[in-house]
Amino acid sequence: AQKVTQAQTEISVVEKEDVTLDCVYETRDTTYYLFWYKQPPSGELVFLIRRNSFDEQNEISGRYSWNFQKSTSSFNFTITASQVVDSAVYFCALMDTGRRALTFGSGTRLQVQP
Amino acid sequence: NAGVTQTPKFRILKIGQSMTLQCTQDMNHNYMYWYRQDPGMGLKLIYYSVGAGITDKGEVPNGYNVSRSTTEDFPLRLELAAPSQTSVYFCASSYPTGMEAETQYFGPGTRLLVL
């Protein structure tokens with residue numbers, strides 16, 4: 001069975017602080033995809049990044065960066081110089097190669113205070 | 001492209017009533033999904049479809065039915081609404097190959113309240 005754990009339920013930071021959101025996953029698949037989605041207060045789900053299991057390179061996109069470590073089954077997400085607009089719930093998700101469906105973590109609510 | 005659209009945005013049902021949640025995508029994706037999100041939780045898979053005429057159950061299918069007669073549409077049917085089905089329902093679609101392979105794009109969600 002697949003499982004995604006986001007142990008941080010809620011994080012509060014002050015604007016311009018860096019913050020890391022943790023994600024640990026479990027799977028028996030050798031090929032899989034990992035995702036991060038953002039859910040702002042308006043409720044929609046916004047795709048942030050997709051990473052396949054063969055690509056362990058870290059990725060940076062503006063203020064966002066992702067650290068994928070297969071050895072520890074982790075796919076952590078860092079926001080540098082956080083802004084109030086980053087306030088949202090962030091979900092980590094794992095895709096199984098059979099159904100191609102997502103298993104979501106329970107999410108981390110990030111509050112960025114001005 | 002409109003992407004994934006869902007109707008209605010919000011609905012209140014009485015216990016025992018039925019309704020259909022509509023989902024349409026215009027990206028020619030062959031994979032489509034229904035998830036539900038309970039308050040403070042992640043999303044759970046209800047049903048999915050790998051193409052027209054093919055559907056299968058996810059983790060929480062009880063109380064729901066689906067059909068997929070076209071590539072574009074994937075409606076979700078609630079036959080006898082129960083308070084436990086109060087949730088936000090998200091439809092998503094994806095394509096298994098290409099530059100954006102496997103990325104699921106979500107609709108805006110339907111908020112359902114069963115009283």
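Chain A is the first sequence line, chain B the second, and so forth, proteins listed ahead of strands; every chain is numbered from 1. The figures here come from the full heavy-atom set of this structure, side chains too, leaving out hydrogens, waters and symmetry mates.
Other residues, nucleotides and ligands contribute only 12 or fewer heavy atoms inside 6.0 Å of the NZ atom of A:Lys16. Residue B:Leu115 qualifies as enclosed at atom CG: its count of foreign heavy atoms under 6.0 Å is above 12.
Note on A:Gly105, A:Ala93, A:Ala101: by heavy-atom pairs under 4.5 Å with chain B, the leading option is A:Ala101. Chain B forms more heavy-atom pairs under 4.5 Å with one residue of A:Arg109, A:Gln39, A:Arg100, A:Glu44 than with any other, namely A:Arg100.
The aromatic rings of A:Phe68 and A:Tyr32 stand perpendicular to each other, their planes meeting at an angle above 60°, with 30° marking the opposite boundary.
Minimum interatomic distance between B:Thr103 and A:Phe35 (heavy atoms only, all atoms of both residues): CA-CE2, 3.7 Å.
Of the atoms belonging to B:Leu43, heavy atoms from both backbone and side chain fall under 4.5 Å from chain A.
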